[in-house]
Undergrad: 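Have a look at this one before I ask anything.
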Amino acid sequence: MNLLKIAVLTVLLFNGTADFVISNSNNVKTSPQLLSGGSIVMVDDIMMRTDTENPNEQIVSIVICSSTGVPVTQLGGCNESVCENDLSSLAKGNYDICVNVTPSRTFTGSITLD
C-alpha cells in the first residue's frame, strides 16, 4: 500500500493510526498474523473476521477499498471486539481493509477474495 492510500484511509477513519496485517488466504487460519492491537483474517471464501485483540474496544466501522485505494464499501461495525462480515457481494480481487475502533484508533490490512 502506498503512502497516498494510507493517507486516504487514515483520513476516512478520523485520522487514526495504522498498522498492517496481510491475509492472502481464504482458508481458516489457526494462528492469524497479529498487529499491534488487531487482526484481519478470512475465515472461509466469503467471511472476514476482524479482532481488536482487546475486549474493551469496539469495532465501529470497516472501510473496504480496492487495491488502488478507492473506497468500495463501508460496513457498520458490530460494536464488539470481534466482528465477522459476509463479503459475498464483493467481486473477486484484492482489497485493503481499514477497521475503525473506539477509542479513536485504526488498524488496517489486505485480503484476497478468490
Side-chain angles (χ1 to χ4, degrees):
M1 192 180 323
N2 63 36
L3 291 178
L4 177 58
K5 289 190 325 194
I6 292 171
V8 168
L9 295 174
T10 302
V11 169
L12 283 173
L13 296 174
F14 311 108
N15 234 2
T17 59
D19 292 302
F20 296 91
V21 64
I22 298 174
S23 174
N24 287 324
S25 171
N26 56 1
N27 297 318
V28 174
K29 292 192 172 237
T30 55
S31 55
Q33 290 178 300
L34 299 179
L35 40 116
S36 177
S39 66
I40 300 169
V41 296
M42 292 303 295
V43 177
D44 58 27
D45 290 346
I46 59 170
M47 294 300 291
M48 176 181 68
R49 179 179 295 136
T50 50
D51 187 340
T52 68
E53 303 296 330
N54 180 342
N56 297 320
E57 293 181 321
Q58 298 176 340
I59 296 172
V60 294
S61 68
I62 300 168
V63 177
I64 300 176
C65 294
S66 68
S67 59
T68 60
V70 177
V72 174
T73 190
Q74 180 169 341
L75 306 172
C78 63
N79 294 317
E80 302 279 338
S81 61
V82 179
C83 294
E84 286 194 1
N85 296 91
D86 181 340
L87 303 183
S88 61
S89 65
L90 297 178
K92 294 180 180 185
N94 298 317
Y95 295 93
D96 296 324
I97 311 296
C98 275
V99 182
N100 187 24
V101 178
T102 59
S104 299
R105 77 174 185 88
T106 302
F107 63 92
T108 65
S110 298
I111 62 166
T112 299
L113 297 178
D114 295 323

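Both backbone and side-chain heavy atoms feed into the values below; hydrogens, waters and symmetry mates do not. None of these values were measured; they are calculated from a predicted model. Heads up: numbering here begins at 1 and tracks the sequence.
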Undergrad: Is M42 close to T112 at the side-chain level, that is, under 4.5 Å between some pair of heavy atoms?
TA: no

Undergrad: Do you know which two heavy atoms are closest between E53 and S39, and how far apart they sit?
TA: OE2-OG, 3.2 Å

Undergrad: Quick check: closest heavy atoms across C83 and G77, and the distance to 0.1 Å?
TA: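 Closest approach of C83 to G77, heavy atoms only: SG-C, 4.4 Å.
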
Undergrad: Are V63 and V60 co-members of a hydrophobic cluster defined by side-chain heavy atoms under 4.5 Å apart?
TA: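 No, separate clusters.
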
Undergrad: Following the transitive rule for hydrophobic clusters with a side-chain heavy-atom cut-off under 4.5 Å over Ile, Leu, Val, Met, Phe, Trp and Tyr, establish whether V82 and V101 coincide in one cluster.
TA: no

Undergrad: Rounded to the nearest 0.5 Å, what's the gap from CD1 on I62 to CG on L87? Could you check?
TA: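 Result: 8.5 Å between the selected atoms.
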
Undergrad: Minimum heavy-atom separation for C98 to T108, with atom names?
TA: SG-CG2, 3.2 Å

Undergrad: Regarding N54 and T52, is there a side-chain donor-to-acceptor distance under 3.5 Å anywhere?
TA: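 Per modelled atom types, N54 and T52 side chains form no pair under 3.5 Å.
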
Undergrad: Please report the closest heavy-atom contact between D51 and F107, naming both atoms and the distance.
TA: O-CZ, 3.5 Å

Undergrad: Please report the closest heavy-atom contact between G109 and I40, naming both atoms and the distance.
TA: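 That closest heavy-atom pairing would be N-CD1, 3.5 Å.
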
Undergrad: Could you tell me the separation between the CG atom of D45 and the CG atom of D86, rounded to the nearest 0.5 Å?
TA: 11.0 Å

Undergrad: First locate atom CG of L90, then atom CD1 of I111, and finally report the distance between them rounded to the nearest 0.5 Å.
TA: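 Interatomic distance, L90 CG to I111 CD1, rounded to 0.5 Å: 7.0 Å.
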
Undergrad: At what distance, to the nearest 0.5 angstrom, does CG of L75 lie from OG of S61?
TA: 9.0 Å

Undergrad: Who are the side-chain contact (heavy atoms from CB on, under 4.5 Å) partners of E80, not counting sequence neighbours?
TA: C78

